[in-house]
Amino acid sequence: MSQESSARSGPSDQNRLFVATTLAMAVMMIAGTEMNSHVFPLFDPIFMFARDISVTFNAVALLTLGAVAYASSKVLTPRSFVAITFGCLVLGAVGLSFSLAIGSALLLTIGSSVCAIGRAGAMLFACLACALLSSRAQVTAICVSFFLQALWQLISPFVPSVVSLSLFQLLPLFAFLLVMRPGTQVLSQVCKRESPSDLSVTRPASFVAPFSALFICMFLFQTAFGFALRFDEVDGASPFINVNWLFVLGVSAFALAGRKFKFITWDQAVSFAGLVIIGGFLLVSSGKVPYHEAAIVLLNGGNVVFTLASRVVLVAIAGRNLAGSVTVVGWGLGVTSLGSLAGAGAGMLCNWGIALNHEMVFFIPATILMVFVAYLLFGLRNFSFTKTVRGIEPLPAEPTVLLAPTPSEAESFENRCQAIGEEFGLSPREREVFAMLARGRDRAYIEEELVVSKNTAKAHVKHVYAKLGIHSHQELLDLVEAG
């Protein structure tokens, strides 16, 4: 397996981790269901935009975690992270209840935003804990959690608002406590390694770029969910016929069918989700009110399929390289929240436009649809979720200890590096950098040895990779061995 050896455990521990992780992810998503269907409508009589502000804080918190983990991972100490997340969950719940009781717009905004920051930390820990599972167990845990949420959506309309509010406040805290230990374990390992911004200099294939097609795709797909939440809403909630369980059950059945009967890949699941979402926007833009409920069903169904697939991909990437796990999960969940916010804004704009001119029901969804289809056709032409996961090069558990070569071995190695440098047109300084990379040296060593700045060292490494036409450290080593 690709995870560090210290993150591995026996079968009984893995079983307990599987149950805790599955339950934690499920209750976090159930809390999200209650938030959208029951809790957010309670905000509207007091301050409608409190919901959007809280979602923004959730997105910013996740993106900030991802950015900090990428640039300076040692800042995210487990103790401070746990304290802040736990404190936000408790204080946010108290503040939210009090603000709803007295009808204070300011306290409502503050309380819901603090809650959102706590939920960001809890969901991040749930995904980090899932990354410690085997690949098969990761997929199973995520599929089961999504199915449990879909089943809860059948019950949710009958749950009293006061119960929904309590669940929304308590479930994230429960989820966080379930995965606090494994989440802390992963975060401790992240803090012990160099930051991804440094590690990615010499091992670019071990990390996903913050602005990769993966995150852009997640943002665009999530706009469909946000649009479905606010489009044609009545009393703060959109009409919703729940068949999400059918979509989840179908995709999960194919995904878990086993190698011998593997009918679906995650790329195919994303293509199917895109097709369903396109159908939903076409029904919306038809302008016919009777089609609106069917449109919302398709938009929600396509989104849940994509969210399931993208969650599997995020966790799989995190599992292959725990050093970059906080970055990839934080950014992934963060852009998802931003996409939901953008889609909700588009849904509200559409409602407002329809009230002024019914023809606006065509213009806004058609614009979103055009952007969505354009990205599917051109932005994702050469992108593959499966290849992205497989292309992540796991980092060694510990820094490589190099044995001193014999004089003949050292001379042979130098000759191979020199020949490769000449063949690919490397400059004298780039040949030095290439030889150091071939010996397994990191960015800090190159910087110190050549007495150059961090940015200069990064530039040299980037030029070496570009001239050699390689994308990973393993390809570099293969090139030297083949030479």
Side-chain angles (χ1 to χ4, degrees), residues 16-43 50-51 54-55 57-59 61-62 81-100 108 111-130 141-184 225 229 237 240 242 244-245 248 304 307-308 311 315 329 333 336-337 340:
R16 285 194 293 269
L17 178 61
F18 173 82
V19 173
T21 300
T22 303
L23 189 57
M25 289 192 294
V27 299
M28 283 299 301
M29 290 189 291
I30 288 172
T33 296
E34 295 308 298
M35 176 182 71
N36 291 318
S37 60
H38 291 288
V39 178
F40 275 171
L42 297 176
F43 290 12
R51 62 162 74 181
S54 68
V55 173
F57 268 87
N58 180 267
L62 287 164
F81 182 88
V82 169
I84 292 173
T85 301
F86 187 84
C88 286
L89 288 172
V90 173
L91 294 177
V94 173
L96 181 59
S97 297
F98 186 66
S99 65
L100 289 173
L108 176 64
S112 60
S113 297
V114 172
C115 269
I117 296 173
R119 291 200 313 277
M123 194 65 199
L124 178 71
F125 256 29
C127 291
L128 294 182
C130 190
I142 293 170
C143 287
V144 171
S145 64
F146 270 76
F147 187 65
L148 291 175
Q149 182 208 23
L151 291 182
W152 177 262
Q153 288 175 334
L154 296 173
I155 304 171
S156 182
F158 307 102
V159 177
S161 294
V162 64
V163 176
S164 293
L165 179 60
S166 299
L167 291 174
F168 170 69
Q169 295 169 320
L170 295 176
L171 288 182
L173 183 59
F174 174 62
F176 184 63
L177 293 176
L178 279 174
V179 294
M180 188 168 65
R181 183 176 179 181
T184 301
F225 174 68
L229 279 178
F240 175 49
N242 179 30
N244 280 0
W245 62 271
V248 174
V304 76
T307 305
L308 192 157
R311 188 68 52 79
V315 170
V329 173
L333 296 178
T336 295
S337 293
S340 176

Item to check | CE-CZ distance between M180 and F86, expressed to the nearest 0.5 angstrom | outcome: 8.0 Å

Next on the checklist: Test your reading of the model: is there a side-chain donor-acceptor pair from S99 to the backbone of L96, 3.5 Å cut-off?
Outcome noted: yes

Checklist outcome for this item: For T21 and A126 the tightest heavy-atom approach is CG2-O, 3.7 Å

Item to check | Backbone of M29 reached by a side-chain donor or acceptor of T33 within 3.5 Å | outcome: yes

Item to check | Nearest heavy-atom neighbours spanning N36 and P41 | outcome: O-CD, 3.9 Å

Checklist entry - Would you say the side-chain atoms of N58 pair up with the backbone N or O of S54, donor to acceptor, closer than 3.5 Å? => result no

Item to check | Note, L165 side chain near Q169 side chain (heavy atom, < 4.5 Å) | outcome: yes

Item to check | From L171 atom CG to L89 atom CG, the distance as rounded to the nearest 0.5 Å | outcome: 11.0 Å

Next on the checklist: Within this structure, what is the OG1-CE distance for the pair T85 and M123, rounded to the nearest 0.5 Å?
Outcome noted: 13.5 Å

Next on the checklist: Return the CE to CG distance between M28 and L124, rounded to the nearest 0.5 Å.
Outcome noted: 10.0 Å

Checklist entry - Hey, mind stepping through F125 and F176 against ring-ring contact (aromatic ring centres under 6.0 Å, His included) and telling me if it holds? => result CA-CA 7 Å; F125 256 29; F176 184 63; 5.5 Å; yes

Item to check | Interatomic distance, I30 atom CD1 to L23 atom CG [nearest 0.5 angstrom] | outcome: 8.0 Å

Next on the checklist: Taking CZ in F147 as the centre, count heavy atoms belonging to other residues, nucleotides or ligands within less than 6.0 Å. Is the count above 12?
Outcome noted: yes

Next on the checklist: Can you give me the closest heavy-atom contact between V179 and A20, atom names plus distance?
Outcome noted: CG1-O, 4.0 Å

Checklist entry - Hey, is the main chain of F168 close enough, under 3.5 Å, to the side chain of E34 for a donor-acceptor pair? => result no

Item to check | Gap between atom CZ of R311 and atom SG of C130 - 0.5 Å precision | outcome: 9.5 Å

Next on the checklist: Tell me the closest heavy-atom pair linking A24 and A175, and the distance in Å.
Outcome noted: O-CB, 3.6 Å

Checklist entry - With a 4.5 Å heavy-atom cut-off, do F225 and T336 have their side chains touching? => result no

Next on the checklist: Is it the case that the side chain of S156 and the backbone of W152 share a donor-acceptor pair, with hydrogens and angles ignored and the cut-off at 3.5 Å?
Outcome noted: no

Checklist entry - Shortest non-hydrogen contact from L42 to L100? => result O-CD2, 4.1 Å

Checklist entry - Are there more than 12 heavy atoms of other residues, nucleotides or ligands under 6.0 Å from atom CZ of F43? => result yes

Checklist entry - Which atom names give the shortest non-hydrogen contact between H38 and S164, and what distance separates them? => result CD2-OG, 3.1 Å

